[in-house]
Asks: 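Here's a structure for you.
Letters go in sequence order (proteins before strands), and every chain restarts at 1. Because the structure is a prediction, the values reported are computed rather than measured.
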Number of protein chains: 2
Amino acid sequence: MGITERKEREKESRKESIIDAAQKVFFEKGLLLSTMDEIAETAELAKGTLYLYYHSKEDLYLAVMMRGLMIMHSMFEEVIAQKFSVVKTMVELTKSYTAFFEQHRNYFRMLHFFNTPQFHKQVSEEMMQSCDDLNQSLWNMVVEIIKQGMIEKQFRTDLNPIEISLIMWSNATTLLMRIDTQHDMFIQKMNINLNDTLRVSNTLFLESIMTEPGKKELYASLN
Amino acid sequence: MGITERKEREKESRKESIIDAAQKVFFEKGLLLSTMDEIAETAELAKGTLYLYYHSKEDLYLAVMMRGLMIMHSMFEEVIAQKFSVVKTMVELTKSYTAFFEQHRNYFRMLHFFNTPQFHKQVSEEMMQSCDDLNQSLWNMVVEIIKQGMIEKQFRTDLNPIEISLIMWSNATTLLMRIDTQHDMFIQKMNINLNDTLRVSNTLFLESIMTEPGKKELYASLN
DNA sequence: TCAAGAAAATGACTGCCGGTCATTAATTAC
DNA sequence: GTAATTAATGACCGGCAGTCATTTTCTTGA
């Protein structure tokens, strides 16, 4: 009997349509100012129904956020699939991250909350695990590239690949967040274009982790 | 008559004692899990009284946070007062920031919330201004050092001092936040000591913005 | 010294929201 | 066609930020 299968599908599609509604509301108002009542109304469901599918508002938030992570994941995979040199791949990955920010800014913003300590208290174990897994997977893609770069002696081998990936990631994320919230202010008050700052930061850092041959390749890869 | 003056003093000291209570509660539970009722009880005042002195919970939070910023400010001033060379001063400032994190972690954590977008909606204009001013002042101290370093040709002059300060600041902050929340996890799962990562990150960046003479001075300063 | 007026403090109350659960509706099984 | 199972509902609860009419404390001036 295909009834259980059909039910399974229906359940999935309901979950998706709830995420659709949540996304609409969260994108518009952010986590704190969004209410479950509004999400329920947008989904054309009763509030109680939401809780049959998600444990908490925060879980629902993460369900939306994971869509963003998956988009980023596929953007990264696309870069890697092109089989550039490691140096070019690194350059393209940083571009990709910036592109993700520009094209999916609403998702990017959601990532911020993931780092606020008290946020986690409201999140279910399973949802947390799913997020961590996806995160880990993104992480590994970058670390593997760096390892390969070390094997090929394009990157300095006296550094730890995980550390490098961590520093790059931190660097870019913080600056992108600033671009998101303070772009205009920096232009007006300090005459600083944060997009340039990000490029400078990425370039300086990439230079600093590369060997001489790596640097040559880098300058060729930058455009 | 000194009555108005005395009243002024009393009002100030009441404001301080409210901050004392708020600090106690916020340090323990963070912004989201702290309640105005609990702060009121800790301050041995009625809740309504708190609102005679501060516009909102978030304002009160910032009032506590500003104590932290002032501590950091004075730590920075102490470094600058020692009149080291610019390179040594930069090294000491980064150490100072780390020391602030280690000695005043509770204050450091509060800085995080300042960056969450929806947080600002609840904050009064004046409080926001006070925070911005203090922040700006901290910022300027670093920028001025970098400018001096450029004049002395210890730092590369093809970079923008504000940009440099921005990148350094971002770098250190993000890594310190991670140290705060994920130190143990990184050691156990990846065998990474984030304190080392921070040092690596700082060193790589300082190297990358310095001229050859600057680098020599840098290696001497790192002792 | 004390009454009247001003200033400070109070806490019951309001509105809102996340989350629950007894009840109702829809679907399935026999 | 009906009993049993599953899905959906929305009135309700507890908790919290913020308010405001009332009370308490302090000041003033005769």
Side-chain angles (χ1 to χ4, degrees), chain A residues 1-18 21-22 25-26 28-64 113 116 118-125 127, chain B residues 1-18 21-22 25-26 28-64 113 116 118-125 127:
Chain A
M1 59 175 65
I3 286 177
T4 49
E5 284 80 358
R6 198 202 72 221
K7 283 217 165 185
E8 200 55 45
R9 280 201 309 278
E10 280 176 358
K11 205 167 172 182
E12 270 319 303
S13 93
R14 170 119 313 168
K15 280 185 99 165
E16 285 302 312
S17 75
I18 289 175
V25 177
F26 283 139
E28 207 171 301
K29 312 202 168 174
L31 173 64
L32 297 178
L33 301 181
S34 299
T35 70
M36 288 301 267
D37 283 289
E38 190 176 353
I39 293 170
E41 197 175 345
T42 305
E44 293 174 315
L45 289 170
K47 181 159 62 164
T49 310
L50 301 187
Y51 287 91
L52 297 177
Y53 294 87
Y54 295 95
H55 292 309
S56 68
K57 182 178 163 183
E58 282 72 17
D59 262 36
L60 198 39
Y61 191 81
L62 287 190
V64 177
F113 263 92
T116 57
Q118 285 109 27
F119 177 83
H120 294 79
K121 305 222 163 157
Q122 321 288 335
V123 175
S124 72
E125 205 58 57
M127 186 55 85
Chain B
M1 57 176 62
I3 285 177
T4 49
E5 283 81 0
R6 197 202 73 222
K7 283 218 163 186
E8 200 55 46
R9 279 202 310 279
E10 280 177 356
K11 206 167 170 180
E12 270 319 303
S13 93
R14 171 119 312 171
K15 280 186 98 166
E16 285 301 312
S17 74
I18 289 175
V25 177
F26 283 139
E28 210 169 299
K29 311 201 169 178
L31 174 64
L32 297 177
L33 302 180
S34 298
T35 70
M36 289 300 266
D37 282 290
E38 190 174 355
I39 294 169
E41 196 176 346
T42 306
E44 292 174 318
L45 289 169
K47 181 160 62 163
T49 310
L50 301 186
Y51 287 92
L52 298 176
Y53 294 88
Y54 295 95
H55 292 307
S56 67
K57 183 178 161 181
E58 282 73 17
D59 262 36
L60 197 39
Y61 191 81
L62 288 190
V64 178
F113 264 92
T116 55
Q118 286 109 27
F119 177 84
H120 294 79
K121 305 223 162 157
Q122 322 286 336
V123 176
S124 73
E125 205 57 59
M127 187 54 85

Asks: Using 30° and 60° as the class limits, which term best fits the ring planes of B:Phe119 and B:Phe113: parallel, tilted or perpendicular?
Replies: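 Rings of B:Phe119 and B:Phe113: tilted, as their planes differ by 30° to 60°.
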Asks: Measure from the side-chain N and O atoms of A:Lys57 to the backbone N and O of A:Ser34, and report whether any donor-acceptor pair falls under 3.5 Å.
Replies: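 Flag set: sc A:Lys57 to bb A:Ser34 pair under 3.5 Å.
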Asks: Between P on C:dG18 and CZ on A:Phe119, what's the gap in Å once rounded to a whole number?
Replies: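 Interatomic distance, CZ of A:Phe119 to P of C:dG18: 13 Å.
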Asks: Figure out the CG/P separation between A:Leu52 and D:dG10, and round it to whole Å.
Replies: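 Rounding to the nearest Å, CG of A:Leu52 and P of D:dG10 are 13 Å apart.
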Asks: Once you apply a heavy-atom cut-off of 4.0 Å, does A:Leu45 come out as touching a base, just sugar-phosphate, or nothing?
Replies: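 Result for A:Leu45 = sugar-phosphate.
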Asks: If you draw a 6.0 Å radius around CD in B:Glu10, do more than 12 non-hydrogen atoms from other residues or ligands fall strictly inside?
Replies: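 Counting other residues, nucleotides and ligands, CD of B:Glu10 exceeds 12 neighbours.
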Asks: Distance check needed: D:dG15 C1' versus B:Met36 CE, whole Å only.
Replies: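 Rounded to the whole Å, the gap is 15 Å.
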Asks: Tell me whether B:Gln118 at atom CD has more than 12 heavy atoms from other residues, nucleotides or ligands lying less than 6.0 Å away.
Replies: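 Yes, the 6.0 Å shell around CD holds more than 12 heavy atoms from other groups.
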Asks: Would you classify A:Thr35 as touching base, sugar-phosphate or nothing, given that sugar-phosphate means primed atoms plus P, OP1 and OP2, and contacts are heavy atoms under 4.0 Å?
Replies: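 Sugar-phosphate only.
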Asks: Looking at the side chain of A:Gln122, which of D:dG18, C:dG19, C:dT10 is the nearest nucleotide?
Replies: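 Of D:dG18, C:dG19, C:dT10, C:dG19 is nearest to the side chain of A:Gln122.
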Asks: Strictly below 4.0 Å: does B:Arg14 bring a side-chain N or O up to OP1 or OP2 of C:dA8?
Replies: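 False: B:Arg14 side-chain N/O out of range (4.0 Å or more) of C:dA8 OP1/OP2.
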Asks: Would you mind telling me which of D:dG18, D:dT9, C:dG19 lies closest to the side-chain atoms of A:Ala46?
Replies: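 Nearest to the side chain of A:Ala46 among the choices is D:dT9.
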Asks: Can you tell me the distance, in whole Å, between the CD atom of B:Glu44 and the C1' atom of C:dT10?
Replies: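 That distance rounds to 15 Å.
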Asks: Mapping A:Gly48 and A:Lys57 to their closest nucleotides on DNA chain C, which lands nearer the 5' end?
Replies: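 It is A:Lys57, whose closest nucleotide lies nearer the 5' terminus.
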Asks: If you count the non-hydrogen atoms of other residues, nucleotides and ligands that lie under 6.0 Å from CD in B:Glu16, is the total more than 12?
Replies: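 Yes, because the 6.0 Å sphere around CD of B:Glu16 holds more than 12 heavy atoms from other groups.
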Asks: Tell me: CD of B:Glu10 to C1' of D:dT25, nearest whole Å?
Replies: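 One finds 11 Å between C1' of D:dT25 and CD of B:Glu10, rounded.
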Asks: Would you tell me if any nitrogen or oxygen in the side chain of A:Lys47 comes within less than 4.0 Å of OP1 or OP2 on D:dG10?
Replies: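 It does not, given that no N or O in the side chain of A:Lys47 lies less than 4.0 Å from OP1 or OP2 of D:dG10.
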Asks: Please report the distance, rounded to the nearest Å, between CD in A:Glu38 and P in C:dG18.
Replies: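 Roughly 10 Å, once rounded to whole Å.
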Asks: With a non-hydrogen cut-off below 4.0 angstrom, is A:Tyr54 in contact with a base, only sugar-phosphate, or nothing?
Replies: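 It contacts nothing in the nucleic acid.
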Asks: Roughly, in whole Å, what's the span from CG in B:Leu32 to P in C:dC17?
Replies: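 So the two atoms are 16 Å apart, to the nearest Å.
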Asks: With the side chain of A:Tyr51 defined as its heavy atoms from C-beta on, choose the nearest nucleotide among D:dT9, D:dG18, C:dT20.
Replies: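 For A:Tyr51, the side-chain atoms sit closest to C:dT20.
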Asks: What integer distance in Å separates B:Glu41:CD from C:dG11:P?
Replies: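 About 12 Å, once rounded to whole Å.
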